[in-house]
Amino acid sequence: MTITKAVIPAAGMGTRFLPATKSMPKEMLPIIDKPVLQYVVEEAAASGIEDILIVTGRGKRAVEDHFDFNPELEAFLKDNGKTDLIEQVQGIGDQCRVFYIRQKKQLGLGDAIRLAREHVGREPFAVLLGDTIIDPPAGSPPGLRQLLDAYEKKHASVVAVHRVPRPWVSRYGIVDGRPDAGDSENLVRLRRLVEKPKPADAPSELAIAGRYVFTPEIFDCIDHTGRGVGGEIQLTDAMNLLAQQQPMYALAWQAKRYDIGDRVEYAKCFIDFALRRADTGAAVREHLKTIL
Ligand code: G1P
């Protein structure tokens with residue numbers, strides 16, 4: 001079955017980014033001139049997704065405005081002869097059908113995904129964390145496309161993982177498994193998943209990287225998941241239940257992952273993208289050479 005629907009949870013408070021996130025969703029932080037969430041929506045669209053449900057919450061109205069039509073802005077740009085910019089702002093919401101639902105209480109990522117149940121129905125679907133930019137090596141398919149290809153091969157839930165240094169495992173969901181016979185080392189059949197384990201308890205150094213493909217049975221698993229780390233309903237705990245019921249895989253990929261909720265990662269992402277862009281690259285490189 002071809003996957004056409006994706007869910008983007010974007011309801012987190014963004015406390016690590018206060019005061020910026022007092023009045024602005026962290027998903028709207030810009031990398032140069034484009035909000036993080038737009039990169040995520042573009043990745044989904046480039047991967048073949050046609051329908052996106054964004055899970056928002058209080059203080060997130062800028063998200064809806066960003067993907068909406070803005071006639072006043074377009075009229076202003078037209079009057080000022082900035083027609084090239086009109087095309088850019090017009091196209092933002094046209095890449096997919098975008099829907100919204102609000103999470104009323106901050107009960108965790110598992111709860112946010114559960115809110116998508118009626119929208120998704122009994123179909124497999126993708127999840128892209130709205131505060132995470134995935135940057136595959138040049139020439140590789142978009143991050144989510146790589147997961148969808150793995151789903152089409154296995155017809156089972158797949159989660160993207162990347163290897164992290166052992167002291168970092170307590171920031172992530174960590175997976176345990178081994179490849180099926182005939183599969184590459186990069187595709188691991190999952191046995192167990194643990195959210196934010198202590199380094200000594202972690203079953204591996206493979207960390208969940210913010211992109212997932214699920215069979216619809218994940219919703220029943222979330223229903224049977226109690227509060228976990230941080231008192232929240234953790235998606236990783238629901239995935240651990242799912243892995244006991246049906247085959248589930250992790251795809252270890254080469255893509256870079258930027259967690260925009262983390263100040264250092266945000267700064268790195270901004271610099272990497274600024275160095276790469278034709279309109280900013282040379283000047284930023286020159287500046288970095290001077291100050292370093
Ligand atoms: C969430 C997930 C975690 C995953 C991480 C990836 O954690 O719960 O399993 O590894 O995203 O970005 P959070 O960053 O919301 O604490």
Side-chain angles (χ1 to χ4, degrees), residues 7-18 21 25-27 29 36-37 39-40 43 54-57 60 103 105-116 126-135 143-144 147 157-177 188 190 192-199 201-214 218 221-222 225-243 248-253 255-266 268-269:
V7 180
I8 302 183
M13 296 278 269
T15 45
R16 288 178 293 174
F17 248 99
L18 284 168
T21 46
K26 68 173 164 178
E27 296 78 12
L29 288 166
V36 171
L37 190 56
Y39 287 93
V40 178
E43 178 193 334
I54 303 181
V55 184
T56 67
K60 300 277 184 173
Q103 187 187 31
K105 284 188 191 163
Q106 298 277 312
L107 296 178
L109 182 57
D111 179 68
I113 300 304
R114 178 166 41 195
L115 295 174
V127 170
L128 304 94
L129 299 191
D131 63 356
T132 299
I133 290 182
I134 299 297
D135 186 29
L144 182 63
L147 273 196
S157 298
V158 196
V159 56
V161 292
H162 67 144
R163 199 168 283 283
V164 296
R166 173 103 0 202
W168 293 10
V169 293
S170 50
R171 303 182 196 176
Y172 299 105
I174 302 294
V175 308
D176 179 25
V188 175
L190 291 178
R192 192 162 72 95
L193 303 94
V194 199
E195 181 68 10
K196 303 192 171 79
K198 293 197 185 98
D201 302 336
S204 78
E205 283 114 29
L206 292 176
I208 296 173
R211 298 291 183 267
Y212 314 75
V213 172
F214 289 120
I218 189 68
C221 294
I222 296 172
T225 299
R227 292 185 186 232
V229 171
E232 297 189 341
I233 298 168
Q234 296 289 350
L235 182 60
T236 307
D237 294 343
M239 290 160 71
N240 191 46
L241 290 181
L242 188 64
M248 197 171 164
Y249 293 85
L251 178 69
W253 62 18
K256 265 199 209 158
R257 165 192 170 281
Y258 298 100
D259 172 5
I260 300 302
D262 179 87
R263 288 181 288 254
V264 174
E265 292 223 8
Y266 177 62
K268 282 186 187 168
C269 184

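Counting convention: from 1, in listed order, for ligands and their atoms alike.
Contact analysis leaves Arg171 out of contact with ligand 1, as no non-hydrogen atom separation drops below 4.0 angstrom. Using 4.0 Å as the threshold, Leu235 has no heavy atom nearer than that to any atom of ligand 1.
Residue Arg257 has at least one N or O atom closer than 3.5 Å to an N or O atom of ligand 1. Any N or O atom pair closer than 3.5 Å counts here, and Gly173 shares at least one such pair with ligand 1. The shortest N/O to N/O separation between Ile208 and ligand 1 falls below 3.5 Å. Geometrically, ligand 1 and Asp259 share no nitrogen or oxygen pair separated by less than 3.5 Å.
Per-residue contacts place Leu129 under 4.0 angstrom from the following atoms of ligand 1 (heavy atoms of the residue considered): 11 (O), 12 (O). The contact set between ligand 1 and Thr236, taken as ligand atoms under 4.0 Å from a residue heavy atom, comprises 9 (O). Under a 4.0 Å criterion applied to the non-hydrogen atoms of Lys196, ligand 1 contributes the atoms 7 (O), 13 (P), 16 (O).
Atom 15 (O) of ligand 1 lies below 4.0 Å from none of the non-hydrogen atoms of the protein.
Between the side chain of Asp131 and the main chain of Glu27, no donor-acceptor pair closer than 3.5 Å is present.
By the neighbour-count criterion of 12 heavy atoms within 6.0 Å, atom CZ of Arg263 is sparsely surrounded, having that number or fewer from other residues, nucleotides or ligands.
At the shortest separation from atom 8 (O) of ligand 1 among protein heavy atoms lies Glu195 OE2, 2.7 Å.
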